[in-house]
**Q** 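Have a look at this one.
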Amino acid sequence: MKPIVLITGGSRGIGAATAKNLAQQGYRVCINYRSNEDTANKLVADIKKDGGEAIAIQADVSDEQAVIMLFKIIDEKVGALTHLVNNAGILLPQMKVTEMSAQRINKMLATNVTSYFLCAKEAIKRMKDGGAIVNVSSAAARLGAPNEYVDYAASKGAIDTFTTGLSLEVASLNIRVNGVRPGFIHTDMHADGGEPNRIERVKGLIPLQRGGKPEEVASAIAFLLSEQASYITGSFIELAGGK
Ligand code: NAP
C-alpha cells in the first residue's frame, strides 16, 4: 500500500517542493490550497507528468468545517491518510506590536496555529497503524521577528510547543510528530509581508550568506516523515543557514 500524505498549503513555495519530493518517493499526494486553484492544478499536472500521483483540494484550513470536508474528500478519493505535513501559513505586513489589531492577531493565530491542531486531529483519527506528522514552524519562533512580525513569530512558538505536546500524546500510537524551523526561504511569502526583497536585505546576517531554497526544506520534511527517521519524535530540524 502506498503512503498517503496531505500537505496543507501545498500549492506553492515549501509545500509545493515537498509535494514534488514526496510524489517522487511514491507517496499519493493530497495538495491543499486556499484560493489559487490554477497554481494547484498546474502542480498536480506536473507531478502526474513525472509519473506521480496527486490531487488538489481547496479548503481554508483555519475553518473547522472546511477541514472536516477536506479529510472526507481524501477518505473518498484517495484513502486513509498515513502522513501529514502541516505547512499552510501566512505572514501579514510588517508592523510593530503597538500597531497590531485584535483582528490581525486572531487571523494570524487561526491560520498558523488553529489549522495545525484541526488537521492533526483529523489525521490522527485515520492513522490506525501509526503515522508521521511534520509541523512547519519557523526560525522566527527563536528569533522573535521584532519590529516586523512578532505575531507571526509567536504563532510559530505555539507550533513548537504544540509539536512537543502532541508528540508525547500520540507516541504510544506509533505516530511520530516533528517540526522543521526554516529561516529565510525564497518563496512568495516575503512579498505578503510587504518586502519581496527581504532576503536580499538580510542575507549578510545569515552565516551561510544566502537564503534557502524550498527544496532544501522539503528534503528535511521528507526525511522526518520517512522510515529513516523511525526513532525520531518531538524533534526539530533548523533550516536557517546557521542563523
Ligand atoms: P507561500 O509560498 O506563501 O505559500 C503559502 C501556501 O499556503 C499556499 O499554498 C497558500 O494557498 C496556502 N495557504 C495560505 N493560507 C491558507 C489557508 N488558510 N488554508 C489553506 N491553505 C492556505 O508560503 P511558504 O513560504 O512556502 O511557507 C510555507 C510554510 O513555511 C509556512 O508555514 C511558513 O510560515 C513557513 N516558513 C516559511 C519561511 C520562508 O522564508 N518562506 C520561513 C520560515 C517558515 P494559495 O496558493 O491558494 O494562496
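These values consider heavy atoms only, across backbone and side chains, with no hydrogens, waters or symmetry-generated copies. Both counts, for ligands and for their atoms, begin at 1 and track the order of listing.
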**Q** Any Lys/Arg nitrogen of E99 or K96 sitting under 4.0 Å from an Asp/Glu carboxylate oxygen of the other?
**A**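 No, E99 and K96 are not salt-bridged.
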
**Q** Just going by heavy-atom distances, which of G13, G89, A88 is nearest to atom 5 (C) of ligand 1?
**A**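 Of the listed residues, G89 has the closest heavy atom.
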
**Q** With respect to atom 10 (C) of ligand 1, which of R12, K156, Q58 exhibits the smallest heavy-atom separation?
**A**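 That would be R12.
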
**Q** Any nitrogen or oxygen of T187, main chain or side chain, under 3.5 Å from a nitrogen or oxygen of ligand 1?
**A**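 Checking ligand 1 against T187, an N or O pair does fall under 3.5 Å apart.
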
**Q** Under 4.0 Å, heavy atoms only, figure out whether ligand 1 is touched by the backbone of S137, its side chain, both or neither.
**A**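 Contact part for S137 vs ligand 1: backbone (N, CA, C, O).
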
**Q** Of the protein's non-hydrogen atoms, which lies at the shortest distance from atom 43 (C) of ligand 1, and what is that distance?
**A**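 For atom 43 (C) of ligand 1, the nearest protein heavy atom comes out as P182 O, 3.2 Å.
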
**Q** Is any NZ, NE, NH1 or NH2 atom of the basic residue among D50 and K20 found under 4.0 Å from an Asp or Glu carboxylate oxygen of the other?
**A**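 Looking at K20 together with D50, the answer is no, because their closest N to O distance does not fall below 4.0 Å.
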
**Q** Which bit of T8 gets closer than 4.0 Å to ligand 1, counting heavy atoms only: side chain, backbone, both or neither?
**A**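 Contact part for T8 vs ligand 1: neither.
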
**Q** Any idea which protein heavy atom is nearest atom 9 (O) of ligand 1, and the distance to it?
**A**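 Going by distance alone, atom 9 (O) of ligand 1 is nearest to S11 OG, 2.7 Å.
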
**Q** Just need the protein heavy atom nearest to atom 26 (O) of ligand 1, so name the residue and atom and give the distance.
**A**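 I find the closest protein heavy atom is I14 N, 2.8 Å.
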
**Q** Examine ligand 1 and decide if any of its atoms is less than 4.0 Å from a heavy atom belonging to P214.
**A**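 In this structure, P214 fails to qualify as a contact of ligand 1 - no heavy atom is under 4.0 Å.
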
**Q** Under 4.0 Å from a heavy atom of T111: give me the atoms of ligand 1 that qualify, with their elements.
**A**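 Ligand 1 atoms under the 4.0 Å threshold to T111: 15 (N), 18 (N).
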
**Q** Taking atom types as modelled, find out whether N32 and T8 have a side-chain donor-acceptor pair closer than 3.5 angstrom.
**A**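 No, T8 and N32 have no side-chain donor paired with an acceptor closer than 3.5 Å.
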
**Q** When you compare the side chain of R181 with that of S138, does any pair of heavy atoms fall below 4.5 Å?
**A**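 No, every pair of side-chain atoms sits at 4.5 Å or beyond.
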
**Q** Out of A66, S138, G183, whose heavy atom is nearest to atom 38 (C) of ligand 1?
**A**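 The nearest heavy atom belongs to G183.
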
**Q** Pick one of side chain, backbone, both or neither for how Y149 approaches ligand 1, counting any non-hydrogen atom pair under 4.0 Å.
**A**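 The answer is neither; Y149 stays 4.0 Å or more away.
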
**Q** At what distance is the nearest protein heavy atom to atom 30 (O) of ligand 1, and which residue and atom is it?
**A**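 Checked against all protein heavy atoms, atom 30 (O) of ligand 1 sits closest to V136 CG1, 3.3 Å.
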
**Q** Verify whether one side chain among Q94 and Y149 offers a donor that lies under 3.5 Å from an acceptor in the other.
**A**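 Yes.
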
**Q** With a cut-off of 4.0 Å, which atoms of ligand 1 are near a heavy atom of Y116?
**A**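 By the 4.0 Å cutoff, the relevant atoms are 32 (O).
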
**Q** Please confirm whether the ring centroid of Y116 lies under 6.0 Å from the ring centroid of F162.
**A**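 No, too far apart.
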
**Q** Do the charged groups of D188 and R12 touch, with an N to O distance under 4.0 Å?
**A**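 Looking at D188 and R12, the cut-off is met.
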
**Q** Please write down residue, atom name and distance for the protein heavy atom closest to atom 28 (C) of ligand 1.
**A**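 Ranked first by proximity to atom 28 (C) of ligand 1 is N87 OD1, 3.2 Å.
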
**Q** Check whether any side-chain heavy atom of I57 lies under 4.5 Å from a side-chain heavy atom of I31, and answer yes or no.
**A**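 Side-chain contact under 4.5 Å: no.
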
**Q** Counting non-hydrogen protein atoms only, what is the nearest one to atom 14 (C) of ligand 1? Give residue, atom name and distance.
**A**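 Answer, as residue, atom name and distance: R34 CZ, 3.7 Å.
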
**Q** Which distance, rounded to the nearest 0.5 Å, do you find between the NZ of K203 and the CD1 of I199?
**A**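 Rounded to the nearest 0.5 Å, the NZ-CD1 separation comes to 10.0 Å.
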
**Q** When you look for heavy atoms under 4.0 Å from ligand 1, do you find them on the side chain of D60, its backbone, both, or neither?
**A**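 Contact part for D60 vs ligand 1: both backbone and side chain.
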
**Q** Which heavy atom of R176 sits nearest a heavy atom of I232, and at what distance?
**A**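 Closest approach of R176 to I232: NH1-O, 3.1 Å.
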
**Q** With backbone taken as N, CA, C and O and side chain as the heavy atoms from C-beta onward, which portion of A59 lies under 4.0 Å from ligand 1: side chain, backbone, both, or neither?
**A**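 Backbone only.
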
**Q** So between H186, H190, M189, whose heavy atom ends up nearest atom 23 (O) of ligand 1?
**A**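 Closest candidate by heavy-atom distance is M189.
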
**Q** Just wondering, do I221 and V136 contact through their side chains at under 4.5 Å, heavy atoms?
**A**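 Of all side-chain heavy-atom pairs linking I221 with V136, at least one is under 4.5 Å.
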
**Q** Thinking salt bridges, do D46 and K42 make one under a 4.0 Å N-O criterion?
**A**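 Yes.
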
**Q** Should you measure from each heavy atom of N32, which atoms of ligand 1 turn up under 4.0 Å away?
**A**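 Answer for ligand 1: 20 (C), 21 (N).
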
**Q** Show your reasoning for whether salt bridge (Lys or Arg N to Asp or Glu O under 4.0 Å) applies to D160 and K156.
**A** CA-CA 6 Å; D160 286 358; K156 295 303 187 179; over 6 Å; no

**Q** Identify the closest protein heavy atom to atom 40 (O) of ligand 1: which residue and atom is it, and at what distance?
**A**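 Of every protein heavy atom, I185 N, 2.8 Å lies nearest to atom 40 (O) of ligand 1.
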
**Q** Give yes or no for whether the N/O distance cutoff of 3.5 Å, strictly under, is met between G9 and ligand 1.
**A**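 N/O-N/O distance under 3.5 Å: yes.
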
**Q** Identify the protein heavy atom lying closest to atom 19 (N) of ligand 1, giving its residue, its atom name and the separation to 0.1 Å.
**A**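 I find the closest protein heavy atom is V61 N, 3.1 Å.
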
**Q** Is it true that R201 and E195 make a salt bridge, defined as a side-chain N closer than 4.0 Å to a carboxylate O?
**A**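 Yes.
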
